[in-house]
Amino acid sequence: REVVGKLDGATREDLLPLVKGQELAWNAPAAGWLVSAVTCKTTGLDFLNRAVMEDWIRGLWEGYADNLREFLGTTFKGMVQDEFTTFTGELRYSPLLLERFRASRGYDPRPHLLSLFRDVREDSVKVRCDYHGVIAELLEESAYQAIADWFGKRGMEVGTVAFWGRQDVLAVTSNYG
């Protein structure tokens, strides 16, 4: 609820048990309450899942490898991926995220999800930092390392060019992770 112009995380109530189908049956006990729902939807590629990324890499690059095998690592010494954007300004979710978050940060992020969007608790900034830290770890392991491993096994280097948001660390983070 809103207290003195700010959201008060201490008054948070879990309304999920009151949702039936697509409807919430709840009446605010007083003025100043804000109902927030944090949801996710599946869109595109799960960059945070190594198995998904390895399938994507095989589908994208194996045909080239089959036809150019003798040139990989010699004539073709590397590959530069242009604009490998993983976020495009959106927050990422994967079923692996919650498990990794709990294991590496020591708490369940679900009660704190609104903190990704608003300052509702004293530790909202910490929650956001923890979320982006877990995302960065999963991206490194699942996407970037999988690509580097595939090319490395063929004697090639891999790099990327990041033009969106150059000179602006927040824009880079928003687009690339």
Side-chain angles (χ1 to χ4, degrees), residues 1-54 56 81 83-148 160-177:
R1 121 184 128 86
E2 190 173 338
V3 178
V4 193
K6 294 176 73 176
L7 291 179
D8 175 23
T11 60
R12 177 189 173 276
E13 289 190 30
D14 185 357
L15 301 177
L16 190 56
L18 302 176
V19 174
K20 305 292 184 228
Q22 298 284 325
E23 295 186 23
L24 169 64
W26 179 74
N27 292 316
W33 283 84
L34 170 70
V35 175
S36 299
V38 179
T39 65
C40 67
K41 64 180 180 176
T42 304
T43 59
L45 193 59
D46 184 354
F47 290 100
L48 307 179
N49 184 319
R50 176 83 183 222
V52 169
M53 289 305 299
E54 287 173 348
W56 176 76
Q81 174 94 27
E83 301 295 335
F84 185 62
T85 58
T86 55
F87 283 179
T88 59
E90 299 174 353
L91 295 179
R92 285 283 164 209
Y93 175 77
S94 170
L96 301 171
L97 177 68
L98 293 177
E99 178 182 325
R100 171 60 76 86
F101 198 107
R102 283 190 290 260
S104 68
R105 299 312 191 265
Y107 65 99
D108 184 350
R110 291 176 296 176
H112 312 285
L113 291 176
L114 188 56
S115 290
L116 296 176
F117 306 95
R118 309 249 338 232
D119 287 331
V120 293
R121 305 164 42 99
E122 291 296 321
D123 65 350
S124 289
V125 171
K126 178 188 180 320
V127 171
R128 284 193 289 277
C129 288
D130 286 347
Y131 166 84
H132 287 289
V134 171
I135 291 291
E137 292 164 10
L138 286 170
L139 272 175
E140 175 61 30
E141 295 166 14
S142 301
Y144 299 122
Q145 192 60 54
I147 292 168
T160 188
V161 178
F163 285 113
W164 286 359
R166 285 173 72 170
Q167 314 301 322
D168 182 346
V169 72
L170 291 177
V172 170
T173 301
S174 176
N175 287 298
Y176 303 111

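Positions are given from 1, in the same order as the sequence printed here. Below, each value reflects all heavy atoms present in this structure, side chains not excepted, and no hydrogens, waters or symmetry copies.
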| task | Please report the shortest heavy-atom distance between Val120 and Ser124, naming the atom on each side. | result | N-OG, 3.0 Å

| field | Check: Pro109 and Arg102 side chains under 4.5 Å, non-hydrogen atoms | value | yes

| query | Between Met53 and Glu141, is any pair of side-chain heavy atoms under 4.5 Å apart? | reply | no

| query | What distance do Trp56 atom CH2 and Ile147 atom CD1 have between them, rounded to the nearest 0.5 Å? | reply | 5.0 Å

| query | Does the side-chain contact (heavy atoms from CB on, under 4.5 Å) test come out yes or no for Tyr131 and Leu113, once each step is laid out? | reply | CA-CA 9 Å; Tyr131 166 84; Leu113 291 176; over 6 Å; no

| Between the main-chain N or O of Arg121 and the side-chain N or O of Arg12, is there a donor-acceptor pair closer than 3.5 Å? | no

| request: Indicate the atoms forming the closest heavy-atom contact of Leu48 with Leu96, along with that distance. | output: O-CD1, 3.4 Å

| From Arg105 CZ over to Cys129 SG, what is the distance, rounded to the nearest 0.5 angstrom? | 10.0 Å

| message | Rounded to the nearest 0.5 Å, what separates atom CH2 in Trp26 from atom CD in Glu13? | response | 6.0 Å

| message | Quick check on Glu99: does its CD atom have over 12 non-hydrogen neighbours (other residues, nucleotides or ligands) under 6.0 Å away? | response | no

| message | Test side-chain contact (heavy atoms from CB on, under 4.5 Å) on Val38 and Leu116; report intermediate values, then the result. | response | CA-CA 10 Å; Val38 179; Leu116 296 176; 5.8 Å; no

| Going by heavy atoms in the side chains, are Asn49 and Ser142 under 4.5 Å from each other? | no

| So, do Pro111 and Asp14 sit near enough that their side-chain heavy atoms are less than 4.5 Å apart? | no

| task | Check the surroundings of atom CZ in Arg118: do more than 12 heavy atoms from other residues, nucleotides or ligands lie under 6.0 Å from it? | result | no

| How long is the gap from CG on Leu138 to CZ on Phe47, to the nearest 0.5 Å? | 13.5 Å

| note | Which of Lys126, Arg128, His132 passes side chain to side chain donor-acceptor pair (under 3.5 Å) with Asp130? Answer is Lys126

| Glu137 side, atom CD; Leu97 side, atom CG - distance, nearest 0.5 Å | 10.5 Å

